[in-house]
Number of protein chains: 2
Amino acid sequence: MGLREIKMERTRHLIADKAFELFTEHGFDRTTVEQIAAAAEVGPRTLYRYFPTKESLIISFVETHLSAAVQRLREQPDDVPLSEALYALIDSVIATIVSNEARVLAVYDMSTCTPSVNAQFSGIWDRWCDEISDEVARRGGSRSPDLTARLAASTACAVIDVSVREWVESGGKASMRTLTDRALELLRTGEVPFPAPAGRA
Amino acid sequence: MGLREIKMERTRHLIADKAFELFTEHGFDRTTVEQIAAAAEVGPRTLYRYFPTKESLIISFVETHLSAAVQRLREQPDDVPLSEALYALIDSVIATIVSNEARVLAVYDMSTCTPSVNAQFSGIWDRWCDEISDEVARRGGSRSPDLTARLAASTACAVIDVSVREWVESGGKASMRTLTDRALELLRTGEVPFPAPAGRA
DNA sequence: GTTCTTATGGCACTCACTGCCACATTTTGG
DNA sequence: CCAAAATGTGGCAGTGAGTGCCATAAGAAC
């Protein structure tokens with residue numbers, strides 16, 4: 001790795017950190033890109049070479065960890081049962097959350113306060129779910145995801161989503177593992193009532 | 001209803017229609033708000049009184065139908081089992097889709113082509129899921145949704161989501177009802193593999 | 001018909017974001 | 001170690017979304 005890349009990596013981190021600082025201090029909307037650039041001692045034009053949008057300044061953090069998690073799923077050997085592989089995925093998310101508590105809480109808070117950030121998060125979450133669908137399909141031997149693959153991915157994502165929400169609402173005090181396990185149990189035991197086809201309960 | 005409101009309703013529809021026209025013809029990004037305003041023969045400033053953002057010009061259509069669907073859920077008597085009430089919700093979405101085929105397909109297409117639109121859609125979808133969670137919680141006798149309520153809402157949304165995707169991919173040729181019923185069946189029979197708590201499959 | 005209310009749209013402005021270009025720094029190759 | 005090529009930096013000017021303000025016009029109320 002050359003000197004150039006090292007410097008750029010540093011700059012990138014510096015920008016993201018300063019952005020996070022200013023956002024949490026003054027709020028996302030009341031912070032301009034110009035201010036962030038000034039704080040990081042770069043030109044606004046340069047900032048935009050590292051981060052394509054203002055929102056990406058926060059989102060990239062989450063994006064990194066999400067793609068690490070899906071990577072973990074991809075690394076599961078093909079003979080591991082799907083349910084177990086998906087648990088590894090959940091596990092990976094849990095790991096990043098417990099080791100980034102404060103950050104996750106702050107980001108979640110910002111998301112709920114700022115519609116544009118919220119939308120971006122919803123977007124990357126959806127795309128993440130798509131990636132998982134693809135991998136589930138691949139494991140099932142198909143090229144593109146079908147209803148079953150998508151449903152498996154969606155339920156896994158739903159388990160993570162509801163657990164994280166519950167965890168955030170507890171202010172980070174609850175145990176993520178307990179929450180996901182309880183959610184999974186609710187699904188397995190059928191305690192969560194699925195609507196029945198043809199309108200019969 | 002006064003003349004004033006009638007005119008405004010007309011203007012609102014005119015703007016939305018012209019916007020949809022221009023978007024489908026030239027693409028979302030290559031259409032400016034100014035052009036839409038000109039096509040609808042109003043000032044840009046007026047357009048923004050009807051639609052807060054450029055994206056909302058497309059999204060409002062979906063938003064309307066989604067809130068109609070959740071309204072349908074709310075209208076279900078409290079003694080109707082939750083699973084049946086949720087089926088009514090699904091049913092409502094199916095109804096709007098089959099009676100707006102072309103529009104839904106076009107909107108979906110635009111969404112996949114335009115990141116900002118996509119993000120907005122993900123956002124309102126999430127908020128919709130939250131509304132459903134609230135109603136599920138209320139039916140369960142709690143003030144705010146817990147893990148179970150959120151999970152029930154999320155799975156219902158997931159069923160709709162994966163079905164719509166499959167339907168869109170079929171070019172609108174598949175039967176929505178068949179798809180949702182199949183998805184529900186997959187969940188009920190446990191054919192979709194849920195990860196097991198504690199890492200055991 | 002006068003008055004009160006409210007929609008309209010023009011103007012000026014902020015801010016996110018982009019293309020272009022000159023400049024600086026790092027890398028490469030002799 | 002130095003010249004040349006490659007690449008990151010940042011300024012400037014410009015586009016387009018979105019907002020506050022205000023004068024004006026049209027509908028509603030009496």
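Quick caveat, the model's predicted, so the values are computed rather than measured.
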Taking only the side-chain nitrogens and oxygens of B:Y50, find out if one of them lies under 4.0 Å from OP1 or OP2 of C:dT8. yes
Quick test of your reading of the model: are A:D91 and A:R177 salt-bridged, counting only N-O distances below 4.0 Å? yes
OP1 or OP2 of C:dT26 under 4.0 Å from side-chain N/O of A:K7: yes
Aromatic ring pairing A:F61/A:H65, orientation class (parallel under 30°, perpendicular over 60°, tilted between): perpendicular
Starting at the 5' end of DNA chain D and moving along, which residue's nearest nucleotide shows up first, B:R4 or B:R49? B:R49
Using heavy atoms to find the nearest nucleotide of DNA chain D for A:R45 and B:E55 separately, return the residue whose nucleotide is more 5′. A:R45
Rounded interatomic separation in angstrom, taking OH from A:Y48 and C1' from C:dC20: 17 Å
Integer-rounded Å distance: D:dG18 C1' and B:K54 NZ: 12 Å
Taking atom types as modelled, is there a side-chain donor on A:E191 or B:T148 under 3.5 Å from an acceptor on the other? no
Would you indicate, yes or no, if C:dC15 has its OP1 or OP2 atom less than 4.0 angstrom from a side-chain nitrogen or oxygen of A:T32? no
Just the rounded figure in Å: distance from C1' of D:dG14 to CD of B:E34. 14 Å
What is the distance, rounded to the nearest whole Å, between atom CD of B:Q120 and atom C1' of D:dG18? 13 Å
When the distance from CD of A:E41 to P of D:dT9 is rounded to whole Å, what number comes out? 14 Å
Gap between atoms CD and P, on B:E5 and C:dA7 respectively (whole Å): 9 Å
Atom CZ of B:R10 and atom P of C:dA7: how far apart are they, to the nearest Å? 16 Å
Heavy atoms under 4.0 Å, any strand shown: does A:T31 hit a base, just sugar-phosphate, or nothing? sugar-phosphate
Take atom CE of B:M8 and atom P of C:dG9, then tell me their distance rounded to the nearest Å. 11 Å
In terms of relative ring orientation, are A:F194 and B:F194 parallel, tilted or perpendicular, with 30° and 60° separating the classes? parallel
Without hydrogens or angle criteria, can the side chains of A:D181 and A:Y87 be said to hold a donor-acceptor pair below 3.5 Å? yes
